[in-house]
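For reference, the structure is listed below as structure tokens.
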Number of protein chains: 2
Amino acid sequence: MGRSRAAQPDSKPADGLAFLLSQVGAHSALRFAERLEPLNLVPAHVGILRVVKEGNGLSQQALGEALGVFPSRLVQLIDELEERGLVERRKNPADRRTYALHLTEKGVATYEQLGRVAREHQETLCAALNESERAQLASLLSRIATEQQLAPGVHPGFRKLGGPPKA
Amino acid sequence: MGRSRAAQPDSKPADGLAFLLSQVGAHSALRFAERLEPLNLVPAHVGILRVVKEGNGLSQQALGEALGVFPSRLVQLIDELEERGLVERRKNPADRRTYALHLTEKGVATYEQLGRVAREHQETLCAALNESERAQLASLLSRIATEQQLAPGVHPGFRKLGGPPKA
DNA sequence: GTGAATCGTTACAGTCAATAATCATTTTCC
DNA sequence: GGAAAATGATTATTGACTGTAACGATTCAC
């Protein structure tokens, strides 16, 4: 952290790295969310579209499991995507309790647009680095993500963990 | 994103870098918050302690300005820190509207302990990387942070930006 | 010296997400 | 074959959190 005094010899060169990570990461998330606004989407929608696209006709339960979000929260999110005509809930004849989730044609198109938005976002975010440096950064981050057992494509989100310190 | 089909030749090697950044960053923030729980502190407290420690006797207004938090929110946060005996609000004889914020002895001790906690956190988080790789990562991130005009030590927090997409 | 501006505080309101309860359907097991 | 337990989706409720606005005290401008 703040080493504004030149007295001590900065024992660790990478001191504050964890903070830097969290800072830049939050910035990335925030800026991406901004880019999503014109599309009337929130970050959680993007993850849903991705998983729905690849997991052909999965149930809401399975989706929630894959993304780590509560089923009750999924209901609203999918409602919104359905209202926008991006996702449809098809009846599952085998098990009439569950829905089979599918992307509509518009949903596929939107998903592709999201790819472009994400690329633009990344381009802006990493403007300071050249191509090889970006690859380096990605490699380092991937290794951290793997070692920390972060599931690819699953965002930790910002869910409560133990309640705030009771005053 | 998801390039699960080997058909297309992965045009960008660092595709998904922005997501990775946000993912690992959120993970870092979450884990750090967990480590703060036993101390009965939240991440925002840490930033406050740091700025109060260095800005000798600044006002709440100035603190809020420096950290980008609303004065009304600061009231509660400083209340909590004062209850825990880490910070004190001294009367400012020059301007009786403002308080001069100072760390107590216990506050200084706690701040030093936070340094240790942060180092442990970082050690665990970056276990996958050796010392030189950490320095590399820190350098790359610093360049992004600078280019993106992120103020050192100021966390973007998770504040609203434009209201959620109205359904 | 009166009025505008500033600081800290409190009150208020809107948003959001997790828990628990509900309803339909399906599976288990006797 | 049928009652009871389990499962999926949904709704209701509760609680936390945060930004806006109003408030009282003090200081500054003129």
Side-chain angles (χ1 to χ4, degrees), chain A residues 26 29-30 33 37 41-45 47-48 52 55 57-83 87-102 155-167, chain B residues 26 29-30 33 37 41-45 47-48 52 55 57-83 87-102 155-167:
Chain A
L30 241 29
E37 281 184 47
L41 294 175
V42 294
H45 287 145
I48 293 178
V52 168
L58 40 47
S59 67
Q60 295 186 194
Q61 173 102 346
L63 180 59
E65 191 79 16
L67 258 50
V69 314
F70 286 83
S72 59
R73 200 185 158 195
L74 266 186
V75 173
Q76 299 168 255
L77 290 168
I78 298 181
D79 279 352
E80 292 160 1
L81 291 174
E82 204 173 25
E83 284 168 18
V87 163
E88 61 179 344
R89 289 189 241 231
R90 291 191 199 154
K91 284 284 188 190
N92 181 351
D95 186 340
R96 291 197 319 244
R97 287 173 303 182
T98 71
Y99 288 119
L101 300 173
H102 288 276
H155 200 285
F158 310 132
R159 78 196 70 149
K160 270 275 102 65
L161 23 149
K166 36 273 199 226
Chain B
L30 240 29
E37 281 185 47
L41 295 175
V42 294
H45 287 143
I48 293 178
V52 167
L58 38 49
S59 68
Q60 295 187 193
Q61 173 102 348
L63 180 59
E65 190 79 16
L67 257 49
V69 314
F70 287 83
S72 59
R73 200 185 159 198
L74 265 186
V75 174
Q76 301 169 254
L77 289 168
I78 298 180
D79 279 351
E80 291 160 2
L81 291 173
E82 205 173 23
E83 283 168 17
V87 163
E88 60 179 343
R89 290 189 240 230
R90 293 191 197 154
K91 285 283 188 189
N92 182 349
D95 186 341
R96 289 195 322 241
R97 288 173 302 182
T98 70
Y99 287 120
L101 299 173
H102 288 275
H155 199 284
F158 309 131
R159 78 195 70 149
K160 272 274 100 63
L161 20 151
K166 35 259 182 261

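From B:Y99, atom OH reaches atom CD of B:E82 across 8.0 Å, with rounding to the nearest 0.5 Å.
With contacts defined as side-chain heavy-atom distances shorter than 4.5 Å, the pair A:V69/A:L63 does not qualify. With contacts defined as side-chain heavy-atom distances shorter than 4.5 Å, the pair A:L77/A:L81 does not qualify. By the 4.5 Å heavy-atom criterion applied to side chains, A:L101 and A:I48 are not counted as neighbours.
Among the nucleotides D:dA9, D:dT18, C:dT19, the one closest to any side-chain atom of B:Q76 is D:dT18. Of the listed nucleotides (D:dT10, D:dG8, C:dC7), C:dC7 has the atom at the smallest distance from the side chain of B:T98. Of the listed nucleotides (D:dT26, D:dT20, C:dG8), C:dG8 has the atom at the smallest distance from the side chain of B:Q61.
Among the atoms of the strands shown, base atoms are found under 4.0 Å from some heavy atom of B:S72.
Using a 4.0 Å cut-off, some side-chain N or O of A:Q60 falls inside it from OP1 or OP2 of D:dT10. Taking only side-chain nitrogens and oxygens, B:R73 never comes nearer than 4.0 Å to OP1 or OP2 of C:dG8.
If you find the closest nucleotide of DNA chain D to A:D79 and to A:D95, the one lying nearer the 5' end belongs to A:D95.
With hydrogens and angles left out, the side chain of A:R97 and the base of D:dT7 share a donor-acceptor pair within 3.5 Å.
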